[in-house]
Number of protein chains: 4
Amino acid sequence: MNEIKTDRQEFYDRIGAHNMAPLWEVLHGLVTREPVSPVQPAVWHYDELRPLIMEAGTLITAREAERRVLILENPGMRGQSQITRSLYAGLQLILPGEVAPAHRHTQSALRFVIEGHGAFTAVNGERTVMSPGDFVITPSWTWHDHGNDSDAPMVWLDGLDIPLITMLDASFAEPANAEQQLVSRPEGDALKRFGNALFPVDWESQGRASPIFNYPYVRSRETLEALRRAEDPDPAQGWKLRYVNPANGDFAMPTIGTFLQLLPAGFATNPYRSSDATVFVVVEGSGETRIGNVVLPWRAHDVFVVPSWASHTHHAGPEAVLFSFSDRPVQQKLGLWREQRTA
Amino acid sequence: MNEIKTDRQEFYDRIGAHNMAPLWEVLHGLVTREPVSPVQPAVWHYDELRPLIMEAGTLITAREAERRVLILENPGMRGQSQITRSLYAGLQLILPGEVAPAHRHTQSALRFVIEGHGAFTAVNGERTVMSPGDFVITPSWTWHDHGNDSDAPMVWLDGLDIPLITMLDASFAEPANAEQQLVSRPEGDALKRFGNALFPVDWESQGRASPIFNYPYVRSRETLEALRRAEDPDPAQGWKLRYVNPANGDFAMPTIGTFLQLLPAGFATNPYRSSDATVFVVVEGSGETRIGNVVLPWRAHDVFVVPSWASHTHHAGPEAVLFSFSDRPVQQKLGLWREQRTA
Amino acid sequence: MNEIKTDRQEFYDRIGAHNMAPLWEVLHGLVTREPVSPVQPAVWHYDELRPLIMEAGTLITAREAERRVLILENPGMRGQSQITRSLYAGLQLILPGEVAPAHRHTQSALRFVIEGHGAFTAVNGERTVMSPGDFVITPSWTWHDHGNDSDAPMVWLDGLDIPLITMLDASFAEPANAEQQLVSRPEGDALKRFGNALFPVDWESQGRASPIFNYPYVRSRETLEALRRAEDPDPAQGWKLRYVNPANGDFAMPTIGTFLQLLPAGFATNPYRSSDATVFVVVEGSGETRIGNVVLPWRAHDVFVVPSWASHTHHAGPEAVLFSFSDRPVQQKLGLWREQRTA
Amino acid sequence: MNEIKTDRQEFYDRIGAHNMAPLWEVLHGLVTREPVSPVQPAVWHYDELRPLIMEAGTLITAREAERRVLILENPGMRGQSQITRSLYAGLQLILPGEVAPAHRHTQSALRFVIEGHGAFTAVNGERTVMSPGDFVITPSWTWHDHGNDSDAPMVWLDGLDIPLITMLDASFAEPANAEQQLVSRPEGDALKRFGNALFPVDWESQGRASPIFNYPYVRSRETLEALRRAEDPDPAQGWKLRYVNPANGDFAMPTIGTFLQLLPAGFATNPYRSSDATVFVVVEGSGETRIGNVVLPWRAHDVFVVPSWASHTHHAGPEAVLFSFSDRPVQQKLGLWREQRTA
């Protein structure tokens with residue numbers, strides 16, 4: 001046995017010199033029966049983070065930082081700027097009067113507003129003023145900048161597909177030649193032009209992302225209520241919505257799926273798992289999520305993450321609303337996504 | 001020459017006995033250089049029709065008629081229940097307390113409300129209360145009924161693809177076993193569940209039509225205003241919108257395209273033609289449409305029709321809003337649709 | 001009752017003056033429970049037709065006729081150049097040395113070769129030489145001409161969507177400025193470039209029709225045999241294939257579906273019906289088709305038609321191969337197509 | 001400055017305790033102007049590797065190894081079983097009489113045959129016998145096994161999307177309960193059933209991969225010749241084909257794009273780059289590829305890799321044929337793929 005090992009090791013060394021390695025030594029680590037991931041369940045409590053975020057505002061300007069963001073790093077993958085294997089998340093602070101200068105990149109970004117009123121995101125010549133619970137997108141390769149014309153700080157969660165783009169070696173980025181893009185259309189206009197299921201007759205989508213770039217919370221919340229009136233909650237999900245690109249019925253962004261769900265007071269979901277590791281933001285209420293032996297307690301503004309294929313249950317205290325995002329559109333486009341419910 | 005004719009005629013008789021005919025005698029009538037149509041430009045003035053519509057209400061009940069509708073027949077094709085070659089249009093009256101009983105058919109139908117408030121259409125277990133300018137659909141093979149719980153008559157325009165379905169020999173219909181379907185969802189709910197670009201996460205479209213079945217005028221009109229603020233009017237169309245199925249970005253119905261356009265006061269469009277004969281309903285304002293030597297004057301509630309490939313211009317008096325519908329989705333799905341603008 | 005009739009008739013006259021008519025008098029003829037069609041089952045026996053087709057060759061030249069075709073007219077719709085409500089069929093003769101001059105039109109055409117070897121169809125700068133059983137397409141708005149460089153007559157069946165295009169008022173046509181188009185690519189090349197499931201890397205489909213424009217019988221027949229080896233015959237269809245556009249998996253043409261089926265010797269199918277009236281061409285063998293009380297006997301080269309929703313069975317004598325075509329792609333794109341099998 | 005650094009570092013330590021990190025310290029490494037990759041250009045010369053591959057055959061059996069493969073590791077990413085960031089490649093040996101036992105996994109695999117005749121791959125109840133130049137796929141989650149009934153070793157290149165699946169945490173795998181799957185269909189049948197642009201009429205694709213699972217070299221080579229006859233070579237690519245799924249016109253596999261290109265003798269391509277790092281296998285001929293200052297000489301059976309966005313030229317000695325694969329379908333589905341040609 002020992003001798004065989006030695007022979008093999010000697011062979012491995014020789015093939016190694018030719019940039020080769022034996023598959024049989026690593027096959028079961030590469031092609032696993034179920035996902036084997038460094039991603040750990042984790043929660044970030046906003047009341048603990050908020051002072052640190054505000055302190056960041058005193059340490060560096062938005063202009064110097066380009067984006068003043070504290071990355072939320074998965075505890076199982078520290079130092080890699082990832083909250084899951086394919087996704088990045090961070091909390092961005094923009095102070096009154098500040099500007100986050102215009103740039104564009106192939107990475108798609110979502111913003112989910114945590115606190116503050118009146119800061120804006122500008123995309124493709126149009127500004128949208130943001131409020132808590134608003135879901136804002138800056139699609140791949142669109143110019144975008146942010147500013148805060150209000151008198152209070154604004155904090156939002158950034159979600160990007162940075163690790164996915166890195167894995168594809170497809171990162172392209174460009175700074176604008178001006179700090180802020182020219183605004184060529186009325187503020188908040190895209191929602192009215194594209195959010196009412198009527199499109200300009202000759203308009204054709206220029207990309208794969210939704211032409212709506214701000215899904216305001218007031219509309220989303222109203223939709224949750226309509227769903228609640230129309231049907232019983234799903235045992236595993238409560239009432240759950242998917243943000244949609246009305247130009248094709250697909251997800252709002254091609255690489256990141258986004259969801260909003262309502263759990264009635266006291267609701268405990270049935271166990272559920274899916275192959276897309278998911279980041280949750282608590283919008284309203286409080287409760288906890290159980291993943292195996294791990295219990296993640298949460299309340300409004302907290303962020304937590306559930307790994308791929310980890311069976312979990314949510315338990316709402318008072319009525320709760322959860323925003324979430326994952327790489328589900330990528331997995332579905334490639335024929336890989338799975339889910340499992342346990343009654 | 002005469003002899004040849006005679007020879008040929010004798011041949012035609014002999015092949016005729018075998019259910020055959022010579023193509024060369026009819027080829028240029030079958031495959032024409034441009035559309036050669038019996039469809040004529042025409043206008044129906046609502047102020048002339050309204051007394052007749054109301055008189056119909058005294059002649060026959062909705063129940064006896066099943067649908068109390070006066071068909072708008074193209075003057076070039078009388079007796080054929082067609083407003084264009086592929087489309088049917090009629091004006092339907094429903095009186096207070098009346099019911100148009102539940103049935104379903106493969107023909108797709110649109111309703112565009114002309115006058116009245118408070119009557120309803122029920123589709124798939126849900127009622128929507130209708131108001132002027134609302135665009136309501138009853139998709140192919142969906143149960144639908146109408147009722148009027150208000151204290152005034154309601155009149156709407158019905159648009160159906162009856163001639164198309166007839167040409168395909170694909171008509172199927174079924175009466176319901178009850179006059180009115182059971183209402184299982186809150187009134188007006190579909191718009192909130194599907195009209196805000198968020199869908200229930202596990203919902204999948206059951207057909208090709210929009211899950212929104214009432215596009216209320218208040219939202220459509222607001223969208224026209226947003227378009228007006230965002231861009232200049234198109235020289236041939238003014239500001240023109242297309243009603244969209246947000247589940248796939250296609251038209252709201254697979255066989256009938258629907259549009260809403262705004263012409264500012266005094267606006268005269270450039271000449272335009274397209275291969276889809278189009279039925280217009282005047283929602284607001286007045287003006288006229290010129291098609292060759294024909295001038296069709298119109299004001300609110302009038303209906304007029306422009307034949308396929310007929311170059312035309314619209315001239316608005318005061319600001320005008322036009323609803324229109326055609327078979328454009330069919331032509332586009334089959335790769336046939338054309339349009340032409342003249343500067 | 002009489003009086004009411006009279007009142008109503010008087011009303012109908014008055015609304016008639018306004019181009020209106022009462023729906024309730026015609027509703028059940030417009031929206032029928034099942035298809036109600038003038039299309040009749042019918043068969044054309046090639047041995048009876050062939051002398052007449054050849055006689056046509058002495059009466060008129062291909063050049064004078066533009067296309068020397070005997071239209072197959074459904075006996076239920078004589079004088080309308082239709083074999084079903086939406087489709088046209090005819091038998092075309094081209095004699096040695098003749099040319100059918102180049103033109104293009106929005107109508108899509110298929111050719112299914114009945115007899116002869118060595119005539120060609122040219123489409124988009126490429127010629128394909130045709131043999132019996134070959135299925136050749138000339139997609140909408142493509143230049144095409146035919147010629148016969150062989151020393152024997154060739155006869156093929158033409159199938160076009162003429163009635164559909166007429167109903168849509170979407171006929172456009174154009175003669176070429178030369179009798180024959182310039183041939184810019186090697187003969188028979190398209191099949192090799194597009195028929196092997198490899199495409200030029202930067203090629204994009206210019207229309208909705210297949211880039212393969214000749215599906216030779218030798219390949220199609222081989223595919224039938226492969227299907228026979230792989231699975232049992234379908235009780236209602238035998239082994240049945242659908243001609244496919246490999247650029248999108250759809251039918252070979254957007255408006256006309258085409259099929260090839262193999263019935264083993266003595267096979268009797270279970271009853272079957274579908275909402276697409278279907279034209280059959282017998283390629284090999286003989287047998288009969290029963291539609292209600294009607295029995296249509298057929299042998300090689302015969303053409304027969306089964307109306308929409310008419311339940312029918314096929315009974316093969318010796319092994320038989322049937323080519324067929326219908327408007328099924330249109331019905332499927334519009335969500336209308338139905339089929340029913342009876343065990 | 002130093003003090004600020006210190007302050008910041010102290011802050012970073014404090015936020016690190018909360019699983020947070022400052023974006024501004026890493027932003028330009030995460031979102032790069034152009035792809036910044038550890039992937040290096042590299043070539044593996046088959047004449048050097050072949051003795052080692054054969055030696056592997058004496059060290060371990062296919063049964064013990066499950067798959068006896070020598071992984072080709074990119075020299076810039078040793079120890080990670082990757083040839084590019086998203087793709088895995090290896091050379092698999094199967095000796096006469098051996099079996100590579102049946103299993104299935106979510107990873108998609110391609111085989112490109114380097115040497116040997118007569119070994120088979122079985123997928124979904126059907127075997128295909130393989131020859132040099134054949135391109136064989138085992139789609140995601142399909143049972144597959146390999147065997148060699150010939151009297152000579154067979155070597156093929158395996159290409160899989162292992163790193164992509166790992167990044168998505170979407171690996172699922174399952175061994176079969178028998179070493180070899182039951183063969184339920186005739187050998188080589190899929191190509192005839194699905195490769196001739198006719199499909200069984202009721203067949204519907206069960207996944208996103210091509211129903212053809214062996215694209216034999218004899219057909220692919222013939223297609224290259226047809227392209228050569230029809231058009232001039234592209235200055236940057238020669239004559240280049242894309243393997244196609246005829247059920248939808250997409251790539252043969254949803255995650256891996258595959259190509260075959262012909263460079264005439266002495267042809268030197270113009271510089272070209274694209275955002276998909278690409279693995280090449282030399283099928284015929286010899287030549288070299290220049291990437292910046294790096295020159296990769298190659299001859300038949302060699303494998304080489306070009307990183308993402310690396311401008312390169314190919315120079316053929318005698319006429320050469322190159323097979324290649326990359327993650328281009330993923331990038332295109334997500335709207336990320338770019339290419340650039342320099343005249």
Side-chain angles (χ1 to χ4, degrees), chain A residues 7-8 11 14-15 18-24 26-27 30-35 37 39 42 44 48-49 52 55 59-60 65-67 69-73 75 81 85-86 90 105-107 140 162-163 167-173 207-208 254-255 275 277 308 327 330-331 333-336, chain D residues 7-8 11 14-15 18-24 26-27 30-35 37 39 42 44 48-49 52 55 59-60 65-67 69-73 75 81 85-86 90 105-107 140 162-163 167-173 207-208 254-255 275 277 308 327 330-331 333-336:
Chain A
D7 279 4
R8 289 190 178 171
F11 179 71
R14 275 191 290 125
I15 65 175
H18 293 272
N19 293 314
M20 297 200 294
L23 174 62
W24 53 88
V26 295
L27 176 59
L30 294 176
V31 177
T32 58
R33 290 207 174 201
E34 294 196 347
S37 177
V39 175
W44 289 260
E48 296 172 13
L49 310 189
L52 296 165
E55 187 179 343
L59 275 180
I60 192 166
E66 187 159 343
R67 297 295 186 266
V69 179
L70 300 188
I71 306 168
L72 305 183
E73 289 196 333
S81 307
R85 283 229 210 174
S86 60
H105 40 68
T106 48
Q107 289 82 0
S140 180
I162 292 172
M167 190 271 315
L168 295 169
D169 267 335
S171 178
F172 293 87
R208 283 167 179 77
T255 51
S275 56
S308 169
D327 62 19
V330 179
Q331 295 200 33
K333 282 178 178 69
L334 304 180
L336 295 165
Chain D
D7 278 5
R8 288 191 179 172
F11 178 70
R14 275 191 292 126
I15 65 176
H18 293 272
N19 293 313
M20 297 200 296
L23 175 62
W24 54 88
V26 294
L27 175 59
L30 295 175
V31 177
T32 58
R33 290 206 174 202
E34 294 195 348
S37 177
V39 176
W44 289 260
E48 297 172 14
L49 309 189
L52 296 165
E55 186 180 344
L59 274 182
I60 192 167
E66 188 160 342
R67 296 294 186 267
V69 180
L70 300 188
I71 305 169
L72 305 184
E73 289 197 333
S81 306
R85 283 229 211 177
S86 61
H105 40 67
T106 49
Q107 289 82 1
S140 180
I162 292 172
M167 191 269 317
L168 294 170
D169 267 336
S171 177
F172 293 87
R208 282 167 179 77
T255 52
S275 57
S308 169
D327 62 18
V330 179
Q331 295 199 32
K333 283 179 178 67
L334 304 179
L336 296 164

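A note on names: the letters A, B, ... follow the listed sequences, proteins ahead of strands, and every chain is numbered from 1. In what follows, every heavy atom counts, from backbone to side chain, and hydrogens, waters and symmetry copies are set aside.
Using a 4.5 Å cut-off between heavy atoms, A/T106 contacts chain D through both its backbone and its side chain. The contact between A/S37 and chain D is made by backbone and side chain atoms together, counting heavy-atom distances below 4.5 Å. Proximity to chain A is limited to the side chain of D/Q107, based on heavy atoms less than 4.5 angstrom apart. Neither the backbone nor the side chain of A/A277 comes within contact range of chain D; no heavy atom of the residue lies under 4.5 Å from a heavy atom of that chain. Interface residue D/R33: backbone and side-chain heavy atoms are both found under 4.5 Å from chain A.
If you tally non-hydrogen atom pairs under 4.5 Å between each of D/E48, D/H105, D/R67, D/K333 and chain A, the highest count goes to D/K333. Ranked by non-hydrogen atom pairs under 4.5 Å with chain D, the options A/P163, A/S81, A/G90, A/A42 are led by A/S81. Counting heavy-atom pairs closer than 4.5 Å to chain A, the top residue among D/P35, D/S275, D/P254 is D/P35. Among D/V31, D/L49, D/L27, the residue with the largest count of heavy-atom pairs under 4.5 Å with chain A is D/V31. Between chain A and the residues D/L72, D/L168, D/I162, the most heavy-atom pairs under 4.5 angstrom are made by D/L168. Considering only heavy-atom pairs separated by less than 4.5 Å from chain D, the leading option among A/L70, A/V39, A/D327, A/V26 is A/L70. Interface remark: of the candidates D/T255, D/V330, D/T32, D/T32 forms the most heavy-atom pairs closer than 4.5 Å to chain A.
Side chains of D/L23 and D/L30 form a contact here, defined as non-hydrogen atoms less than 4.5 Å apart. Here the side chains of D/L52 and A/F11 are in contact, with some heavy-atom distance below 4.5 Å. Side-chain contact between A/I15 and D/E55: absent, with no pair of heavy atoms (C-beta onward) separated by less than 4.5 Å.
The shortest heavy-atom contact between A/E73 and A/W44 is O-CZ2, 3.3 Å. The two atoms that bring D/L334 and A/R208 nearest to each other are C-CD, 3.9 Å, heavy atoms only.
Here the side chain of D/W24 pairs no donor or acceptor atom with the backbone of A/E66 at under 3.5 angstrom.
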